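Bear in mind that the values here come from a model prediction, so they are computed numbers and not experimental data.
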Amino acid sequence: MTFKHFIDIDQISAQDLTAIINTAIAWKQAGLASHNSQCAGLSLATLFEKPSTRTRISFNLAAQQLGMYLVELDAETMHFKQGKETLQDTARMLNGFVDALMYRTDKVAKFDALCAQLTIPLINGLSDHSHPCQIMADIMTVTERFGTAKDRKVLWIGDYNNVARSWCHASAKFGFELRLASPEGYAMTDTEAETLRATGADIHRFHDPAEAAKNVEIINTDVWVSMGDSHADARAQALKDYQVNTALMQQAARNAIFLHCLPANRGQEVTSEVLDGTQSAAWQQAENRLHVQKAILAWCVNRL
Ligand code: CP
Ligand code: NVA
């Protein structure tokens, strides 16, 4: 079977990414009957080495709604987690059982170890480096709300983390302006900014959140302490002026929306007033994980 990995947005053509978004929107509008045998007979394994709610639910349902068989693996009770088998041998064995693997891990280097063995597509369900499936749902949500992601003005507020990095990759592929407002010590490095700009990412870095938020159409944030981060108190102290609240939303365009990949820590990076308010698209964004996951899965196994 020919297949494609879905590991990072910067490794996939703009044409393919757009096809995934358009398919997700079309399938969502047309309903289940339009695609419920799209991947019939194929199998997906999901493997989580970090907690998950949305990614777990959406991949489980996505596979089933495409007519796939699903195996949800419990990393903690597998031999590789107990040092009894290598991750590489685990991957090699999976080739014989399933047609795709979705994997959430703590270390991006593990993708390379897996890819050396896999003859089936690998889907990145989040690593310390990036979270591409999330940003595809975010782009889908922006497309539904504004017609296109192209030429939008997007603000990322918070530390430069895995989710922020995938937003940068998306800026280059979908053609939008991305502002990043981060405190000293938690921002993108100059070297990474140069590398990203060379790929076409339209990124602008700020320290002042209010200045960065002026006239943006999308305000986007994430928890101050990601899974695996240490020094929670120091992070909260450094990020305390980077909360998305009503005052910050008022700096943005009148029709601006608020995005958050969730889970949210209410009262830290966002107030309940904003998360539950009329400008919040976070719940639509969460639902879109399901729709976009289906299109990503189908793309990976050449059934799009
Ligand atoms: N946004 C996201 O990936 O959520 P989960 O960690 O719950 O999967
Ligand atoms: N940056 C967060 C995203 C969670 C979906 C984390 O890695 O924990």
Side-chain angles (χ1 to χ4, degrees), residues 131 134-135 138-139 141-142 145-146 148-172 174-194 196-197 201-226 229 231-286:
H131 196 5
Q134 175 66 55
I135 275 51
D138 303 354
I139 299 295
T141 308
V142 169
R145 292 290 184 114
F146 293 95
T148 176
K150 189 167 167 41
D151 296 332
R152 299 273 78 83
K153 289 187 197 321
V154 181
L155 169 63
W156 172 268
I157 176 164
D159 67 319
Y160 181 62
N161 66 9
N162 46 2
V163 178
R165 184 172 288 105
S166 287
W167 267 105
C168 292
H169 294 162
S171 167
F174 291 95
F176 56 82
E177 176 185 325
L178 179 62
R179 303 180 191 175
L180 299 118
S182 311
E184 207 81 65
Y186 296 87
M188 175 193 289
T189 62
D190 291 347
T191 312
E192 187 162 357
E194 277 168 36
L196 285 163
R197 286 196 185 107
D202 183 14
I203 49 178
H204 306 264
R205 293 176 295 164
F206 294 80
H207 286 309
D208 178 358
E211 185 195 346
K214 286 220 165 64
N215 302 322
V216 295
E217 296 159 293
I218 294 113
I219 294 192
N220 186 24
T221 191
D222 188 7
V223 288
W224 290 344
V225 185
S226 285
D229 279 343
H231 308 296
D233 290 346
R235 299 181 71 85
Q237 179 62 25
L239 285 152
K240 66 178 172 20
D241 296 330
Y242 290 75
Q243 182 186 67
V244 182
N245 49 36
T246 302
L248 191 80
M249 290 302 295
Q250 281 168 354
Q251 299 293 320
R254 207 171 35 83
N255 63 342
I257 61 168
F258 171 71
L259 293 181
H260 192 311
C261 61
L262 304 176
N265 203 340
R266 291 165 182 266
Q268 278 213 341
E269 77 276 4
V270 61
T271 59
S272 286
E273 203 178 358
V274 170
L275 184 59
D276 300 326
T278 53
Q279 288 174 286
S280 175
W283 311 102
Q284 177 181 342
Q285 180 189 4

What closest approach, in Å, do Leu275 and Ala282 show between heavy atoms, and which atom pair accounts for it?
-> CD1-CB, 3.9 Å
Does Ile218 reach the side chain of Leu259, with side-chain heavy atoms less than 4.5 Å apart?
-> yes
Taking the side chain from Gln279 and the backbone from Asn255, do they hold a donor-acceptor pair closer than 3.5 Å?
-> no
Going by the side-chain hydrogen bond (donor to acceptor under 3.5 Å, both in side chains) test, name the single residue among Thr141, Asn220, Asp138 that passes it with Gln285.
-> Asp138
Is His260 close to Val274 at the side-chain level, that is, under 4.5 Å between some pair of heavy atoms?
-> no
Are Phe258 and Val244 close enough that some pair of their side-chain heavy atoms sits under 4.5 Å apart?
-> yes
So, does Asn245 use its side chain to make a donor-acceptor pair with the main chain of Leu248 at under 3.5 Å?
-> yes
Do the side chain of Ser166 and the main chain of Ile135 share a donor and acceptor less than 3.5 angstrom apart?
-> no
Salt bridge between Asp276 and Arg266, side-chain N to carboxylate O under 4.0 Å?
-> yes
CE on Met188 to OG on Ser182, rounded to 0.5 Å | 8.0 Å
Can you measure from NZ (Lys153) to CG (Asn215) and round to the nearest 0.5 angstrom?
-> 7.5 Å
Got a donor-acceptor contact below 3.5 angstrom from the Glu177 side chain to the Asp202 backbone?
-> no
Of all heavy-atom pairs between Ala181 and Pro209, which one has the smallest distance, and what is that distance?
-> CB-CA, 4.2 Å
Would you say the side-chain atoms of Thr189 pair up with the backbone N or O of Glu192, donor to acceptor, closer than 3.5 Å?
-> yes
Thr221 and Ile157 have their tightest heavy-atom pair at OG1-O, 2.7 Å
Begin with the C-alpha distance, continue with both residues' side-chain angles, and end with the deciding distance and a verdict on side-chain contact (heavy atoms from CB on, under 4.5 Å) for Cys261 and Val223.
-> CA-CA 9 Å; Cys261 61; Val223 288; over 6 Å; no
Is the closest side-chain heavy-atom distance between Leu178 and His204 below 4.5 Å?
-> no
Check whether any side-chain N or O of Arg179 sits under 3.5 Å from a backbone N or O of Leu155 as a donor-acceptor pair, and report yes or no.
-> no
Minimum heavy-atom distance between Gly158 and Pro183, given as atom pair plus value | O-CD, 4.3 Å
Do Phe174 and Val154 come close enough that some side-chain heavy atom pair is under 4.5 Å?
-> no
Taking Tyr242 for its side chain and His207 for its backbone only, find out whether a donor-acceptor pair lies under 3.5 Å.
-> yes
Donor-acceptor contact below 3.5 Å, side chain Ser171 vs main chain Phe176 | yes
Evaluate the criterion side-chain contact (heavy atoms from CB on, under 4.5 Å) for residue pair Trp283 and Leu262; output intermediate values, then yes/no.
-> CA-CA 9 Å; Trp283 311 102; Leu262 304 176; 3.7 Å; yes
Can you check side-chain contact (heavy atoms from CB on, under 4.5 Å) on Leu196 and His169, steps first, answer last?
-> CA-CA 7 Å; Leu196 285 163; His169 294 162; 3.8 Å; yes
Does the pair Glu217/Arg152 count as a salt bridge with the N-to-O cut at 4.0 Å?
-> yes
Does the side chain of Asn162 come within less than 4.5 Å of Gln134's, by heavy atoms?
-> no
Note: Ala256 and Val216 closest approach over all heavy atoms is CB-O, 3.6 Å
So CE of Met249 and CD1 of Ile219: to nearest 0.5 Å the spacing works out to 4.5 Å
Value rounded to 0.5 Å, distance of CD in Gln251 from CG in Asp208 = 8.5 Å
Under 3.5 Å, side chain of Asp159 to main-chain N/O of Asn161, donor-acceptor pair present?
-> no
Gln243 (side chain) donor-acceptor with Gln268 (main chain) under 3.5 angstrom | yes
